[in-house]
Amino acid sequence: MVNDETPRTAAEIVAAAWSDVLACGLDTIDPAVPAAAYAHQPLRQLYPMVSHGVLYLSRCTRWPWTRDVGTAYPLVGGGYRVRRESDRTLLGEVGTLDEAYALVAAHLPAGCGPAVDATPDDL
């Protein structure tokens, strides 16, 4: 049997992942979270994934994903704490999702561009 499927580009992989994440229901993530991140053009080029109701973004499409892009964690009393896990840096605490993802976008790693179809070791 021959596989006639053309390999997908990194941009196609990222677009498909965003489509899936944006279509998630409340049982997976508050739909406002991926919508807020997707509104920021630099973030929409990164590979999205959801775990435990939190949106993570990676510069790679393959596991293990990068951990050097900030993540917005909801606070119990409202608002969001934005952290970068690679160096455990607190980027700030803000009141809204838009502010949280603006902060993530403002603190992207140097030279960060569209996600690549690779692992962090390949960067």
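This structure is a prediction, so every number in the text was calculated from the model and none was measured. Every heavy atom of this structure was used, including side-chain atoms; hydrogens, water molecules and symmetry mates were not.
- A distance-only check finds a donor-acceptor pair linking the side chain of S58 to the backbone of C60 [under 3.5 Å].
- Scanning both residues, A36 and L97, for their nearest heavy atoms gives CB-CB, 3.7 Å.
- The salt bridge (charged side-chain N to carboxylate O under 4.0 Å, His left out) search around E93 returns R81, not counting sequence neighbours.
- With sequence neighbours excluded, the residues satisfying side chain to side chain donor-acceptor pair (under 3.5 Å) with R83 are E85.
- When side chains are defined from C-beta on, V54 counts as touching T71, because their heavy atoms get closer than 4.5 Å.
- Residues Y47 and L123 fall into different hydrophobic clusters, defined by Ile, Leu, Val, Met, Phe, Trp and Tyr side chains chained together at heavy-atom separations under 4.5 Å.
- Rounding to the nearest 0.5 Å gives a distance of 7.5 Å between CG of L46 and OG1 of T66.
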Going by atom type alone, with no hydrogens or angles, which donor-acceptor pairs under 3.5 Å involve a side-chain atom of residues 98-120 and a protein atom two or more places apart or on another chain?
| residue | atom | partner | partner atom | Å |
| --- | --- | --- | --- | --- |
| D98 | OD1 | H40 | NE2 | 3.1 |
| E99 | OE1 | G95 | N | 3.0 |
| E99 | OE1 | T96 | N | 2.9 |
| E99 | OE1 | T96 | OG1 | 3.1 |
| H107 | ND1 | L103 | O | 3.0 |
| D117 | OD1 | T61 | OG1 | 2.7 |
| D117 | OD1 | R62 | NE | 2.9 |
| D117 | OD2 | R62 | NH2 | 3.2 |
| T119 | OG1 | D121 | N | 3.4 |
| T119 | OG1 | D122 | OD2 | 3.2 |

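- How far OH of Y56 is from CH2 of W65: 11.5 Å, rounded to the nearest 0.5 Å.
- Residue pairs meeting the side chain to side chain donor-acceptor pair (under 3.5 Å) criterion with at least one partner in residues 16-39, sequence neighbours excluded, are absent.
- The closest donor-acceptor contact from the side chain of E12 to the backbone of T9 lies under 3.5 Å.
- The minimum heavy-atom distance between R44 and A39, with the atom names listed, is NH2-O, 3.6 Å.
- Among residues at least two apart or in separate chains, salt bridge (Lys or Arg N to Asp or Glu O under 4.0 Å) pairs with a member in residues 47-61 are R59-D68.
- Atom OH of Y80 sits about 9.0 Å away from atom CG of L75, to the nearest 0.5 Å.
- Residue pairs meeting the salt bridge (Lys or Arg N to Asp or Glu O under 4.0 Å) criterion with at least one partner in residues 100-111, sequence neighbours excluded, do not occur; the list is empty.
- With contacts defined as side-chain heavy-atom distances shorter than 4.5 Å, the pair L26/P31 qualifies.
- For L55 against I29, the heavy-atom pair with the smallest separation is N-CD1, 3.8 Å.
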